[in-house]
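Let me begin by presenting the structure, written as structure tokens, before commenting on it.
Everything numeric in this text was worked out from a predicted model, so none of it was measured.
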Amino acid sequence: PPTCLFWAEPTNHLDIETIEAMAMAINKFEGGVVLVSHDERLIQMTCDELWHVERREGAKPGSVTIFEGSFDEYREMLQEKFASQNLLNVGMAKRK
């Protein structure tokens, strides 16, 4: 049997009940799981730790750090970061 699963966006095209069933199966799995997802529900139901990935900028290499906190705290951190860079209302400004 596998000892580690790597999944990228596994919930695309799944309904809520199937996502919940997937989360239960992930939680019962005894191996390791690396999950890349934008599905907040799946992340909150399954993840023990969050890895924050920064892409490379110019000569500065990209990085991966473990976020010490909950998913809600992670979301707040991103909102503050985006607000400081004036990125939160970019789409809204274009519509006006």
Side-chain angles (χ1 to χ4, degrees):
T3 56
C4 191
L5 299 175
F6 294 86
W7 282 355
E9 298 296 348
T11 59
N12 286 353
H13 311 294
L14 299 181
D15 60 19
I16 291 172
E17 291 82 13
T18 306
I19 293 170
E20 290 175 354
M22 177 184 286
M24 287 189 287
I26 290 170
N27 289 333
K28 288 181 181 179
F29 182 67
E30 293 186 10
V33 177
V34 176
L35 176 67
V36 177
S37 181
H38 290 90
D39 189 311
E40 183 177 330
R41 174 188 303 262
L42 183 66
I43 293 168
Q44 289 188 338
M45 289 192 303
T46 60
C47 294
D48 294 330
E49 63 184 30
L50 297 171
W51 294 2
H52 178 78
V53 179
E54 288 282 341
R55 67 179 174 195
R56 176 173 65 169
E57 292 184 22
K60 179 184 170 193
S63 64
V64 177
T65 55
I66 296 174
F67 181 79
E68 301 290 339
S70 69
F71 186 84
D72 290 331
E73 291 168 329
Y74 178 71
R75 183 188 312 110
E76 289 173 18
M77 182 270 300
L78 288 179
Q79 287 175 336
E80 290 171 8
K81 178 181 176 180
F82 295 159
S84 72
Q85 297 173 354
N86 294 319
L87 296 175
L88 287 181
N89 296 320
V90 171
M92 301 288 282
K94 290 181 182 179
R95 291 185 205 155
K96 291 181 181 179

Should Leu35 and Pro10 count as side-chain neighbours, where that means a heavy-atom distance under 4.5 Å?
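Heavy-atom side-chain distance check passes, below 4.5 Å.
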Determine whether Gln44 and Asp72 make a side-chain contact, defined as any pair of heavy atoms from C-beta on separated by less than 4.5 Å.
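Result yes, sub-4.5 Å side-chain heavy-atom pair found.
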Quick check against the 3.5 Å criterion: does [X] have a side-chain atom that pairs as donor or acceptor with the backbone of [Y]?
{"X": "Glu80", "Y": "Met77", "value": "no"}
{"X": "Asp39", "Y": "Glu9", "value": "no"}
{"X": "Thr11", "Y": "Leu14", "value": "no"}
{"X": "Thr46", "Y": "Leu42", "value": "yes"}

Is there a path of hydrophobic side-chain contacts, each under 4.5 Å between heavy atoms of I/L/V/M/F/W/Y residues, joining [Y] to [X]?
{"X": "Ile43", "Y": "Trp7", "result": "no"}
{"X": "Ile19", "Y": "Ile26", "result": "yes"}
{"X": "Val33", "Y": "Val36", "result": "no"}

To the nearest 0.5 Å, what is the distance between [atom1] ([X]) and [atom2] ([Y])?
{"X": "Tyr74", "Y": "Cys47", "atom1": "OH", "atom2": "SG", "result": "11.5 Å"}
{"X": "Lys60", "Y": "Arg56", "atom1": "NZ", "atom2": "CZ", "result": "12.5 Å"}
{"X": "Phe67", "Y": "Thr65", "atom1": "CZ", "atom2": "OG1", "result": "9.0 Å"}
{"X": "Ser37", "Y": "Met22", "atom1": "OG", "atom2": "CE", "result": "9.0 Å"}
{"X": "Phe71", "Y": "Leu50", "atom1": "CZ", "atom2": "CG", "result": "7.0 Å"}

Within 6.0 angstrom of Ile66 CD1, more than 12 heavy atoms from elsewhere:
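Yes, CD1 of Ile66 has more than 12 neighbouring heavy atoms, counting only those of other groups under 6.0 Å.
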For Glu40, is there an ion pair with Arg75 - N to carboxylate O distance below 4.0 angstrom?
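A salt bridge links Arg75 with Glu40.
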Charged N to carboxylate O under 4.0 angstrom, Arg41 versus Glu17?
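A salt bridge is absent here (no side-chain N lies under 4.0 Å from a carboxylate O).
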Locate the shortest heavy-atom distance separating Trp51 from Val64; write the atom from each residue and the value.
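That closest heavy-atom pairing would be CB-CG1, 4.0 Å.
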